[in-house]
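Note that ligands are numbered from 1 as they come in the structure, with each ligand's atoms numbered from 1 the same way. FYI, side chains are in, hydrogens and waters are out, and symmetry mates aren't considered; it's all heavy atoms of this structure.
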Amino acid sequence: MSEIYFDNGATTKPTEQVVRIMTQVLTEDYGNPSSLHRKGQAAERYVIEARKTIADCLHVPETTIYFTSGATESSNTALLGAAARAGKRRRILAWPGEHPATGESLKRLAEEGFEVTYLPVDAHGKAVVEALEEAVDPDVVLVTCMHVNNETGVIQPIDQIGRIVHKAAPKAMFHVDAVQSFGKIPIDPVAWEIDLMSTSAHKIHGPKGIGFLYIARNQYIPSLLRGGGQEKNFRSGTENVPGICGFGQAVREAYEEMNGHAAHMQHLKELLYREVTQGIDGVTVNGPEIGESAPHILNLRIEGVRSEVLLHALEDHEIYVSSGSACASNKPEEKSPALSALGLTATAIDESLRISFCRYNTEEEVYTFVRTLQQFVPMLRRFRRK
Ligand code: PLP
């Protein structure tokens, strides 16, 4: 039996084209872009091309794209950099349920004396924009929001948030974690007034360890790294050329047919939900209605079954999914920031499973997955009730 990989929110398999171009760079075009000779120039061309591909897809100038080691670095740099320009302003606005890349940076800024306010979300985890309108004032330094939540797939109204923020606080910077949305659903950084945006290649069939930070044309944040002055002095260190060109290729492929890929994943999500709720009782969705969330993420609670146990049972059948409780912590908000923001109990979080699709998943995989669940769930429920 071949594997069924439904954990694409965690990472994705690089495409053949991505592997091919990266292999070419690793084996043939391995020069350092800073070298003056032909091999260096060849390497530099890969970087220029990848940056252009990304900038064109987002309709932004190439000069706004800075390659980093991934979204964790991008978000840390963005948040700490915005805070470094705070002057006398002390307020930061955010919403609960952020990925730790942002959440831990916010904790650090709170320790440094910033006043971090977490604004309310509705019953589906969506930001309540009226609360933002009330909270934002010229003392705000930074507002940060995830576009698509990695656990529930809730899509935040980024198009509204940027405008609301800048109207009341023109100097505030608006940062978006677009890791789960970039290459999957449309993003318009200029129209949506995004100042800083973090992305990662490995969520869209690119390599791990590469991402970019978008910094809007009229914005500036200080660099965290000192060194050789690469990336216009913003991100010193020899460029990860294989990663950058792999990322560029992944973006090209993701944008080629973005709507088609989204429709395919949405179809699989709806099919899985229908089959699973028809075949098994006590299954509910965590987060938005099926048609409202990002096309690739489905978070289900299967009552009476610990998702971590189910995850390992499925793994024996080469089926890979994710549970919110993979981390060692016993605190619900650390196990699953987004689910605890929805008010789920620790038991409900323990029983929650994230299924996340990519464009290469198939209907057949969905049917096999549901059949396998139907085998395991009654058995695991019996164990739990003992
Ligand atoms: N933000 C979100 C929403 C994510 O899903 C992830 C990855 O899990 C990250 C940030 C961190 O990305 P990276 O692995 O590139 O550091």
Q: Among all protein heavy atoms, pick out the one at the shortest distance from atom 4 (C) of ligand 1; state its residue, atom name and that distance to 0.1 Å.
A: His99 CD2, 3.3 Å
(Q) With a 3.5 Å distance limit and no angle check, can you tell me whether Asp7 reaches the backbone of Tyr320 through a side-chain donor-acceptor pair? (A) no
Q. If you group Ile, Leu, Val, Met, Phe, Trp and Tyr by side-chain heavy-atom gaps below 4.5 Å, do Val321 and Leu268 land in one group?
A. yes
Q.
Need the ligand 1 atom indices (1-based, order shown) with element for anything under 4.0 Å from a heavy-atom of Ser200.
A. 13 (P), 15 (O)
Q. Atoms of ligand 1 less than 4.0 Å from Gly70 heavy atoms?
A. 15 (O)
Q | Closest approach of any protein heavy atom to atom 14 (O) of ligand 1, naming residue and atom | A | His202 NE2, 3.0 Å
Q.
Within the 4.0 Å heavy-atom shell around Met146, which atoms of ligand 1 are there?
A. 3 (C)
Q | Heavy-atom nearest option to atom 5 (O) of ligand 1, drawn from Lys208, Gln180, Glu151, His147 | A | Gln180
Q: Answer yes or no: does atom CD of Glu134 have more than 12 heavy-atom neighbours from other residues, nucleotides or ligands under 6.0 Å?
A: no
Q: For Lys203, take its heavy atoms, then give the atoms of ligand 1 lying under 4.0 Å from any of them.
A: 5 (O), 6 (C), 7 (C), 8 (O)
Q) Is the centre of the Phe376 ring less than 6.0 Å from the centre of the His317 ring? A) yes
Q) Short N/O distance, under 3.5 Å, between Ser69 and ligand 1? A) no
(Q) Any side-chain to backbone donor/acceptor pair from Glu308 onto Ser322? Under 3.5 Å, distance only. (A) no
Q. With only distance considered, is Ala71 within less than 3.5 Å of ligand 1 through an N or O on each side?
A. yes
Q) Is the Tyr360 to His205 ring centre distance short of 6.0 Å? A) yes
**Q.** ligand 1 atoms in contact with Asp177 (distance to a heavy atom under 4.0 Å)
**A.** 1 (N), 2 (C), 3 (C), 10 (C)
Q. At under 4.0 Å between heavy atoms, which part of Glu73 makes contact with ligand 1: side chain, backbone, both or neither?
A. neither
Q: Give a yes or no on whether the backbone of Ile155 and the side-chain of Glu292 come within a donor-acceptor separation of less than 3.5 Å.
A: no
Q: Please check if the distance between the ring centroids of Phe212 and Tyr66 is under 6.0 Å.
A: no
(Q) I need the nearest protein heavy-atom contact for atom 16 (O) of ligand 1: residue, atom name and distance, please. (A) Thr72 OG1, 2.5 Å
